[in-house]
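To start, the structure itself, in structure tokens.
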Protein chains: 2
Amino acid sequence: MDGYDKYAHEPFAVTVDLAVFTIREGALHVLLVERGQEPYAGRWALPGGFVQPDESAETAARRELAEETGLSDVSGLHLEQLRTYSEPGRDPRMRVVSVAFTALLPDAPEAHGGSDAAQARWVPYGTAGPLAFDHDGILADAHDRVGAKFEYTCLATAFCPPEFTLGELQQVYETVWGTALDRPNFRRKVLATPGFVEAVPGAARLTGGRGKPAALYRAGTATALHPPLLRPVREGRPA
Amino acid sequence: MDGYDKYAHEPFAVTVDLAVFTIREGALHVLLVERGQEPYAGRWALPGGFVQPDESAETAARRELAEETGLSDVSGLHLEQLRTYSEPGRDPRMRVVSVAFTALLPDAPEAHGGSDAAQARWVPYGTAGPLAFDHDGILADAHDRVGAKFEYTCLATAFCPPEFTLGELQQVYETVWGTALDRPNFRRKVLATPGFVEAVPGAARLTGGRGKPAALYRAGTATALHPPLLRPVREGRPA
DNA sequence: CCTTTAATAGTCAGCCCGACTATAAAAGGG
DNA sequence: CCCTTTTATAGTCGGGCTGACTATTAAAGG
């Protein structure tokens with residue numbers, strides 16, 4: 001970081017890009033916006049925007065998250081820096097360095113237009129055509145990261161409402177990993193991990209579906225999973 | 001990434017900062033440079049520099065790595081993006097966004113001055129006083145990341161020379177984790193993981209120390225560790 | 001030649017986990 | 001009202017990984 005006298009080149013624009021995930025009807029969805037201008041006019045893209053002079057990338061990301069989702073309070077949502085994308089040609093207009101973030105939402109509020117003219121929409125993961133810029137790569141990296149963190153953190157509860165059943169938590173894992181899990185074993189593992197979930201004192205849900213009503217749980221205080229909850233190895237076809 | 005008409009603010013300077021680790025005489029060392037100018041004149045700092053207009057942050061990081069270590073070929077070294085630091089006040093002179101990287105070196109070539117005027121030096125991890133800027137935090141984050149990745153990747157071989165003994169590999173783990181490991185169990189685990197290490201055909205080292213000569217191994221082709229090699233839980237005092 | 005040192009081999013019990021079966025408690029249909 | 005369906009929850013059993021530990025081998029040094 002010495003040698004500031006070298007500062008004799010064009011400066012950079014710094015943006016944030018957001019990969020915002022939620023689960024709707026048992027399927028993983030991503031928040032996308034439709035671009036109205038060139039380049040990539042009409043293509044879908046990750047929401048994002050410029051970092052303002054007085055804010056950090058994290059602050060900018062949370063501000064964009066609030067704007068694009070229309071939620072009034074995004075302070076409790078999981079927001080995590082993914083990595084920074086800085087290839088020289090990634091934006092044809094100018095030199096843009098983008099700090100990518102991943103966010104996880106429990107329920108899916110209908111995306112509203114936000115302050116920008118662009119329309120924001122929830123799209124099932126994998127169904128959107130090629131995205132603008134290098135956003136396909138960013139989105140894939142974000143999905144990989146979330147899947148990997150599910151193994152050794154309690155992150156999955158970020159997809160759940162404040163109170164949830166173990167069946168719902170298991171569906172979150174199955175949706176993100178794309179794998180079926182054994183219900184008794186999943187239950188045993190979650191309950192055996194101290195601080196992962198804690199039982200809600202005197203309640204059990206019944207009205208919802210048919211079948212025995214499930215007990216309700218809240219997210220616990222733990223953040224890491226020791227030992228980890230490894231996803232099953234798919235040995236059918238080694239990818 | 002829409003709304004480029006908003007681009008009506010001061011631009012950012014983009015730099016890379018490097019946390020370069022190596023192991024010398026059984027102790028973890030970090031590459032640091034001494035600052036010659038204000039601010040933080042005389043303080044130690046992580047090596048780094050500006051990203052040039054025609055290069056990505058990764059390219060800039062590898063270029064800086066070559067300059068600061070004096071190595072002619074850094075193409076095979078492990079270099080990994082850590083995260084980006086963008087707090088508005090982190091550099092008192094101007095708005096600087098820094099992409100931090102972590103690098104791992106097998107042997108420790110004596111640090112030479114590099115192209116900059118600043119002197120580069122290997123310093124035992126933890127012994128350097130408060131570093132310049134927010135580099136203490138970056139260095140701590142890098143150390144955490146390396147320790148965590150040792151659990152579920154084959155990254156530890158990046159600290160080893162091309163051919164090494166299992167005892168040396170174990171010392172790498174013990175140095176980074178700061179924990180003692182059981183030798184037979186470590187050996188069993190490493191050899192049971194396919195692709196972690198592969199035996200060198202017909203060689204055994206003898207001249208070095210007294211005791212039975214150890215077999216030599218090379219880094220394998222595997223990159224991930226399934227199941228992971230978890231570091232022992234220190235239950236003496238819960239940090 | 002004996003001791004020291006370090007690598008390697010082997011043993012054994014406990015725990016976690018995958019696979020599986022059994023029971024409980026609701027809804028729905030005849 | 002009973003019986004089936006559905007889902008949650010409890011329990012079992014064997015294999016594999018792991019921590020703790022002991023034994024053997026092969027060198028160096030006095």
Side-chain angles (χ1 to χ4, degrees), chain A residues 26 150-152 160 163-174 177 179-200 202-217 222 224-236, chain B residues 26 150-152 160 163-174 177 179-200 202-217 222 224-236:
Chain A
F150 266 36
E151 291 192 326
Y152 56 95
C160 294
E163 297 189 344
F164 53 88
T165 69
L166 293 186
E168 290 170 342
L169 184 63
Q170 180 178 348
Q171 278 187 15
V172 168
Y173 269 92
E174 292 177 336
W177 282 350
T179 331
L181 299 175
D182 181 82
R183 200 185 288 264
N185 291 339
F186 179 82
R187 167 185 201 78
R188 183 218 294 162
K189 174 68 181 174
V190 170
L191 294 180
T193 303
F196 194 174
V197 297
E198 58 183 29
V200 174
R205 142 191 286 176
L206 45 151
T207 52
R210 48 189 191 282
K212 182 176 176 178
L216 288 176
Y217 293 87
L225 237 52
H226 273 300
L229 174 52
L230 299 177
R231 74 188 104 181
V233 286
R234 54 175 73 245
E235 46 198 326
Chain B
F150 267 36
E151 291 193 326
Y152 55 95
C160 294
E163 298 190 342
F164 52 88
T165 69
L166 293 186
E168 289 169 343
L169 184 63
Q170 179 177 348
Q171 278 186 16
V172 169
Y173 269 92
E174 293 177 334
W177 282 350
T179 330
L181 299 175
D182 182 81
R183 199 185 292 262
N185 291 340
F186 178 83
R187 167 186 200 78
R188 186 214 309 165
K189 174 67 181 174
V190 170
L191 294 180
T193 303
F196 194 174
V197 297
E198 58 182 28
V200 173
R205 141 193 286 177
L206 46 150
T207 51
R210 48 190 190 279
K212 183 175 176 179
L216 288 177
Y217 293 86
L225 236 53
H226 273 299
L229 173 51
L230 300 178
R231 73 188 105 181
V233 286
R234 55 176 74 246
E235 45 199 327

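Just so it is clear: chains get the letters A, B, ... in the order the sequence lines come, proteins before strands, and each one is counted from 1.
The heavy-atom pair separating B:A222 from B:P194 by the smallest distance is CB-O, 3.6 Å. Heavy atoms only, all atoms of each residue included: B:Q170 and B:D182 are closest at NE2-C, 3.9 Å.
Counting heavy atoms from C-beta outward, A:P184 and A:K189 have side chains that stay 4.5 Å or more apart. Proximity of A:Y152 to A:L229: side-chain heavy atoms (C-beta onward) are nowhere separated by under 4.5 Å.
Defining each end axis of the helix from C:dC1-D:dG30 to C:dG30-D:dC1 as the rotation carrying four pairs' C1' atoms onto the next four, with five pairs an end, the two axes are found to diverge by 10° to 10 degrees.
Judged by distance alone, the side chain of B:E174 and the main-chain N or O of B:L181 form a donor-acceptor pair under 3.5 Å. When atom types are taken as modelled, the side chain of B:E168 and the backbone of B:C160 share no donor-acceptor pair closer than 3.5 angstrom. Between the side chain of A:T193 and the main chain of A:F196, no donor-acceptor pair closer than 3.5 Å is present.
Residues B:Y173 and B:F150 bring their aromatic ring centres within 6.0 Å.
Atom CD of A:Q171 is separated from atom P of D:dT7 by 10 Å (rounded to the nearest Å). Here C:dG29 presents its C1' atom at 11 Å from CZ of A:R210, a figure rounded to the nearest Å. Here D:dC21 presents its C1' atom at 16 Å from CG of B:L181, a figure rounded to the nearest Å. B:F186 places its CZ atom 17 Å from the C1' atom of D:dA20, with the value rounded to the nearest Å.
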Report summary line: Protein-proximity profile, nucleotides 9-19 of chain D, B/S/- by nucleotide at the 4.0 Å heavy-atom cutoff, equals BBBB-----BB
